[in-house]
J.: 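Sharing a structure here in structure tokens format.
What's counted below: heavy atoms across the whole structure, side chains too, no hydrogens, waters or symmetry copies. Quick note on labels: first sequence line is chain A, next is B, and so on, each numbered from 1.
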Amino acid sequence: MFALVDCNNFYASCERVFNPALRLRPVVVLSNNDGCIIARSEEAKALGIQMGTPEFKCRPLLKQHKVAVFSSNFALYGDMSTRVMMTLAALAPEIEVYSIDEAFLDMTGFARFDLTEYGRLIRRTVKQHTGIPVCVGMAPTKTLAKIANRLAKKKPHYQGVCVLKSHAEIHAALEHTRVEDIWGIGRQLSKLLQTKQIESAADLAAAPAAWVRKHLHIVGARIQAELQGRSCLPMELVRPAKQSICTSRSFGRNVTSLEELQQAVATFAAKCAVKLRRENSLTSLLTVFIATSPFDNSCERYWGTRTASLPSPTSDSIAILRAAQTMLDSIFLAGKSYKKAGVLVSGIVPKEACSTTLSLFAKETPPANERDKKIMQVMDAINNRYGSGAVRLAAENSESWKPHQERLSARYTTQWDNIIEVKV
DNA sequence: TCTGGGGTCCTAGGACCC
DNA sequence: TCTGGGGTCCTAGGACCC
């Protein structure tokens, strides 16, 4: 058996934990740059506010119902996530952290327990330790556990815990689940399935296997097997190293000058390098992109992108930044209003794998490499102790392009001097 | 005025190898 | 009339996830 534990309206719930007055009010959380609504409390959902709606489009509604609106505060959500996961890790032999607000638990060996009762214990414990409400779904495969979790959330009579064990329970759940609500079936595949009159999860489970394999490929075949109770997706206990790392932002206002783009790209490049070092990885491929707004109909959209391989794999902020700046120069077109930029590193290799690999043509000699490595170590150490941004490269600057974050709550759990902001 | 960010996997097709 | 068989690697594009 697998359990899927999923936090309810996670970002909105995080804001509520530290501001109990919000318990009686609808709450929404915005995406970066205060653009779209990406999390809603139950009350906000009841008002008809849709996921992904631009904030400005529902501003009157938000105001009318006195909705509490927050900028996204990832320092807070990330830390709260860690606390939830640590609590869950103590409640099961194995845990797979699937996303910031979800984890699979291995329930093998729990057969002699009352699983529903155990699910309630999980809910109570997470709520007590962190203040975050969660729902629990349990079933013989991950895909079925996802379905169980969805029912636990949607049907009040489950009281937050749904266990699908017997054939009858599973079949009833599949009949009440539409194909587009199955984990791994998105908009396109749903459309295809509709044309074949496959509308419920039960229909998909019963569909001819050869047809599924041909049109939904290997991924769809796996989903079908999982719906039938054959487990194909094992627990993944260690997170594999990332294959690519991207840092990108929409700008708070239009940016036209190369200088401002250079500052943005430098900031993103340096952030990618920090993420790489945290992963103990090196990159060998760098992509830089800049883009105009997709919503501005007055001019044609420009998406400038360039990818280049680096002379040797690196996680050095300075080396990555230099390469990124050169690439930016080659895609910059004067006279355009840029709304977004980003840096992506790929071709990632583990640090140990190439500690001794030197480039045949590299300009820097090994002593210079060693010196730069030490600089990065010192920078990381200072930033870990005194907060990120305590020291940074001079080229990094977010004065002019900084995204909007006008309704940011405090970093209640990661910043000492923010603790006093707690209001009861 | 105003519309997010960060990932993964799979497939098909082309280039290339012997 | 007629031109093998079996691979790998890379990339672009599409689909999906949170």
J.: From C-beta outward on Gln243(A), which listed nucleotide comes closest to its side chain: dT8(B), dG6(B), dT3(B)?
T.: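 Of dT8(B), dG6(B), dT3(B), dT8(B) is nearest to the side chain of Gln243(A).
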J.: Among dG7(B), dC10(B), dC2(B), find the nucleotide with the atom closest to the side chain of Cys246(A).
T.: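 Nearest to the side chain of Cys246(A) among the choices is dG7(B).
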J.: Categorize Ile185(A) for me: base, sugar-phosphate, or nothing, with a 4.0 angstrom heavy-atom threshold over every strand shown.
T.: sugar-phosphate
J.: Tell me: CD1 of Ile245(A) to P of dG7(B), nearest whole Å?
T.: 6 Å
J.: Of the candidate nucleotides dG4(B), dG6(B), dG7(B), which contains the atom at the shortest distance from the side chain of Ser244(A)?
T.: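 My answer, after comparing the listed nucleotides, is dG7(B).
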J.: Quick one: label Arg187(A) by what it contacts on the DNA or RNA (base, sugar-phosphate, nothing), any heavy atom closer than 4.0 Å.
T.: sugar-phosphate
J.: When the nearest nucleotide of DNA chain B is assigned to Met51(A) and to Arg213(A) on a heavy-atom basis, which residue is associated with the more 5' position?
T.: Met51(A)
J.: Measure CZ/Phe70(A) against C1'/dG4(B) and give the value in whole Å, please.
T.: 19 Å
J.: Rounded to whole Å, how long is the line connecting atom CD1 of Ile223(A) with atom P of dC10(B)?
T.: 11 Å
J.: Mind calculating the distance between NZ (Lys142(A)) and P (dC18(C)) to the nearest angstrom?
T.: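 It is 13 Å, rounded to the nearest whole Å.
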J.: Respond yes when some side-chain nitrogen or oxygen of Lys146(A) is under 4.0 Å from OP1 or OP2 of dC18(C), and no when none is.
T.: yes
J.: Between C1' on dC2(B) and CZ on Phe56(A), what's the gap in Å once rounded to a whole number?
T.: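 Value for this atom pair: 5 Å.
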J.: Side chain of Trp183(A) only, heavy atoms from C-beta on: which candidate in dT11(B), dG5(B), dC17(C) is closest?
T.: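 From the listed options, dC17(C) comes nearest.
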J.: Would you say the rings of Phe74(A) and Tyr11(A) are close, in the sense that their centroids are separated by under 6.0 Å?
T.: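 Yes: the rings meet the under 6.0 Å criterion.
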J.: In whole angstroms, how far is the C1' atom of dT3(B) from the CD atom of Glu55(A)?
T.: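 The answer, rounded to whole Å, is 10 Å.
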J.: Report the nucleotide, chosen from dT1(B), dG6(B), dC18(C), that has the shortest atom-to-atom distance to any side-chain atom of Lys275(A).
T.: dG6(B)
J.: Could you state the CG-P distance from Leu61(A) to dC2(B), rounded to the nearest angstrom?
T.: 22 Å
J.: Check for me whether the distance between the ring centres of Phe268(A) and Trp401(A) falls short of 6.0 Å.
T.: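 Here the rings of Trp401(A) and Phe268(A) have centres that are less than 6.0 Å from each other.
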J.: Assign Lys339(A) to base, sugar-phosphate, or nothing according to its heavy-atom contacts below 4.0 angstrom with the strands shown.
T.: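 Sugar-phosphate, no base atom in range.
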J.: Which one, dG4(B), dT3(B), dC10(B), comes nearest to the side chain of Asn32(A)?
T.: dG4(B)
J.: Nearest to the His217(A) side chain among dT11(B), dG5(B), dC16(C), which nucleotide is it?
T.: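 My answer, after comparing the listed nucleotides, is dT11(B).
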J.: From the options dC18(C), dC10(B), dG4(B), select the nucleotide whose nearest atom is closest to the side chain of Ser250(A).
T.: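 Of the candidates, dG4(B) comes closest.
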J.: If we only count heavy atoms from C-beta on, is the Asp296(A) to Ser337(A) side-chain gap below 4.5 Å?
T.: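 Contact flag for Asp296(A)/Ser337(A) side chains = no.
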J.: More than 12 heavy atoms of other residues, nucleotides or ligands under 6.0 Å from CZ of Arg301(A): yes or no?
T.: yes
J.: NZ of Lys142(A): more than 12 outside heavy atoms within 6.0 angstrom?
T.: yes
J.: Nearest of dT3(B), dA15(C), dG6(B) to any side-chain atom of Ser248(A)?
T.: dG6(B)
J.: Is Ile182(A) touching bases, backbone alone, or none of the nucleic acid, heavy atoms closer than 4.0 Å?
T.: sugar-phosphate
J.: Taking side chain as C-beta onward, heavy atoms only, is Ser284(A) less than 4.5 Å from Ser309(A)?
T.: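 No, side chains not in contact.
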J.: Counting only side-chain nitrogens and oxygens, does Lys340(A) get under 4.0 Å of the OP1 or OP2 atom of dT3(B)?
T.: no
J.: Give the rounded distance in Å between these two atoms: CD of Glu96(A) and P of dC18(C).
T.: 13 Å
J.: Answer with base, sugar-phosphate or nothing: what part of the nucleic acid does Thr247(A) contact at a heavy-atom distance below 4.0 Å?
T.: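 Contact class for Thr247(A): sugar-phosphate only.
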J.: Mind checking if Ile100(A) touches a base, just sugar-phosphate, or nothing, with heavy atoms under 4.0 Å?
T.: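 The residue Ile100(A) makes no contact with any strand.
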J.: Any base atoms under 4.0 Å from Asp101(A), or only sugar-phosphate, or nothing? Heavy atoms, all strands.
T.: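 Answer is sugar-phosphate: Asp101(A) comes under 4.0 Å of backbone atoms only.
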J.: Quick one: which of Arg150(A), Lys146(A), Lys153(A) gives a salt bridge (Lys or Arg N to Asp or Glu O under 4.0 Å) with Asp181(A)?
T.: Arg150(A)
J.: The side chain of Arg222(A) lies closest to which of these nucleotides: dC16(C), dC10(B), dT3(B)?
T.: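 The closest nucleotide is dC10(B).
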